[in-house]
Amino acid sequence: MGLVASVSWAVASLLIRLGLERVGARSATFVSIVAGLAYVLTIGLIMDASAFLDLTLKVVLGFTLVGLLSFGAGRFLYYTSVGLIGVGRATAIGGAVPIVSATLAVIFLNEVLTLPLGIGIVAVTGGIALIVTEES
């Protein structure tokens with residue numbers, strides 16, 4: 001399953017690059033968000049439509065904020081980077097998400113920086129550096 005997921009993400013990145021040759025990052029982000037929202041809402045309604053009645057305004061606003069920041073801004077910036085530096089480099093830099101998440105968790109959530117986590121951060125950082133740097 002992991003291999004299928006990896007191939008799916010890779011194909012999606014390639015299709016994003018091809019799509020960006022025809023439309024801009026803003027349009028691509030909008031289409032992606034609307035399609036994703038429609039899909040998730042459909043699945044949510046199929047699974048448990050009554051759960052939507054239990055949502056409070058605070059929860060809806062929270063999810064809206066997360067959606068705008070993560071899916072809106074994040075996806076727009078990722079699509080822009082794919083258009084500017086290519087799929088390989090943009091995806092490699094996107095691989096820094098675990099590093100940022102782990103660092104923020106240690107700083108703000110008082111998670112413990114263990115040896116395996118530290119080694120993982122160094123390994124991922126090194127891998128990203130190798131991919132994104134060019135030989136002179």
Side-chain angles (χ1 to χ4, degrees):
M1 287 310 248
L3 180 60
V4 173
S6 296
V7 170
S8 296
W9 283 105
V11 169
S13 294
L14 294 175
L15 292 174
I16 289 166
R17 178 69 171 127
L18 291 174
L20 288 172
E21 292 178 2
R22 293 186 171 74
V23 298
R26 284 187 202 145
S27 298
T29 302
F30 179 77
V31 169
S32 175
I33 289 173
V34 169
L37 181 62
Y39 177 76
V40 169
L41 284 176
T42 302
I43 297 299
L45 289 170
I46 291 170
M47 298 293 286
D48 186 7
S50 65
F52 286 92
L53 299 174
D54 296 332
L55 294 175
T56 65
L57 180 61
K58 185 176 179 180
V59 169
V60 171
L61 291 176
F63 278 123
T64 302
L65 181 62
V66 169
L68 289 174
L69 292 175
S70 178
F71 295 106
R75 201 167 287 186
F76 172 73
L77 293 172
Y78 175 69
Y79 289 177
T80 301
S81 68
V82 167
L84 293 173
I85 63 175
V87 173
R89 286 188 175 152
T91 303
I93 293 169
V97 169
I99 297 168
V100 175
S101 298
T103 303
L104 292 176
V106 169
I107 294 170
F108 294 111
L109 302 176
N110 296 322
E111 287 198 15
V112 178
L113 180 61
T114 62
L115 183 60
L117 181 60
I119 291 171
I121 289 172
V122 170
V124 171
T125 303
I128 292 170
L130 288 172
I131 292 171
V132 299
T133 56
E134 292 183 29
E135 287 186 18
S136 300

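- Residues Val7 and Leu18 are members of one and the same hydrophobic cluster, defined by side-chain heavy-atom contacts under 4.5 angstrom among Ile, Leu, Val, Met, Phe, Trp and Tyr.
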Problem - Verdict with reasoning, Leu20 to Val82, per side chain to side chain contact (heavy atoms under 4.5 Å, CB included) - result: CA-CA 8 Å; Leu20 288 172; Val82 167; 4.0 Å; yes
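- The CD1 atom of Ile46 sits 11.0 Å away from the CG atom of Leu41 when rounded to the nearest 0.5 Å.
- The 12-atom threshold is not exceeded at CZ of Phe63, counting heavy atoms of other residues, nucleotides or ligands nearer than 6.0 Å.
- A distance-only check finds no donor-acceptor pair linking the side chain of Ser27 to the backbone of Val23 [under 3.5 Å].
- By the side-chain hydrogen bond (donor to acceptor under 3.5 Å, both in side chains) test, Asn110 is found to be paired with no residue, residues two or more places apart in sequence or in another chain being considered.
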Exercise for the section: Determine, step by step, whether Arg75 and Thr29 satisfy the side-chain hydrogen bond (donor to acceptor under 3.5 Å, both in side chains) criterion, reporting the C-alpha distance in whole Å, the side-chain angles of both residues, the deciding distance to 0.1 Å, and the verdict. Expected result: CA-CA 6 Å; Arg75 201 167 287 186; Thr29 302; over 6 Å; no
Practice task
Show your reasoning for whether side chain to side chain contact (heavy atoms under 4.5 Å, CB included) applies to Ser32 and Phe71.
Solution key: CA-CA 9 Å; Ser32 175; Phe71 295 106; over 6 Å; no
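- In this structure, CG in Leu68 is found 7.5 Å from CD1 in Ile33, a value given to the nearest 0.5 Å.
- Leu37 and Val34 fall into different hydrophobic clusters, where Ile, Leu, Val, Met, Phe, Trp and Tyr are joined by side-chain heavy atoms under 4.5 Å apart, directly or via other members.
- Taking the side chain as every heavy atom from C-beta outward, Ile85 and Ile93 approach each other to under 4.5 Å.
- Grouping the Ile, Leu, Val, Met, Phe, Trp and Tyr side chains by contacts below 4.5 angstrom, directly or via other members, places Tyr39 with Met47.
- Applying the side-chain hydrogen bond (donor to acceptor under 3.5 Å, both in side chains) test to residues at least two apart or on different chains, the pairs with a partner in residues 9-19 are Ser13-Tyr78.
- In this structure, CD1 on Ile121 lies 6.0 Å from CG on Leu113, to the nearest 0.5 angstrom.
- Side-chain heavy atoms closer than 4.5 Å link hydrophobic residues (I, L, V, M, F, W, Y) into clusters, and following such links, possibly through other members, connects Leu3 to Val11.
- Note on Leu45 and Val60: same hydrophobic cluster, where clusters join Ile, Leu, Val, Met, Phe, Trp and Tyr whose side-chain heavy atoms are under 4.5 Å apart, directly or indirectly.
- The CD1 atom of Ile128 sits 11.0 Å away from the OG1 atom of Thr91 when rounded to the nearest 0.5 Å.
- Once rounded to the nearest 0.5 Å, the distance linking CG of Leu104 with CD of Glu111 reads 10.5 Å.
- Remark: side-chain polar atoms of Thr80 are paired, donor with acceptor, to backbone N or O of Phe76 under 3.5 angstrom.
- For the pair Leu117 and Val112, the tightest heavy-atom approach, listed with the atom from each and the gap, is CD2-O, 4.0 Å.
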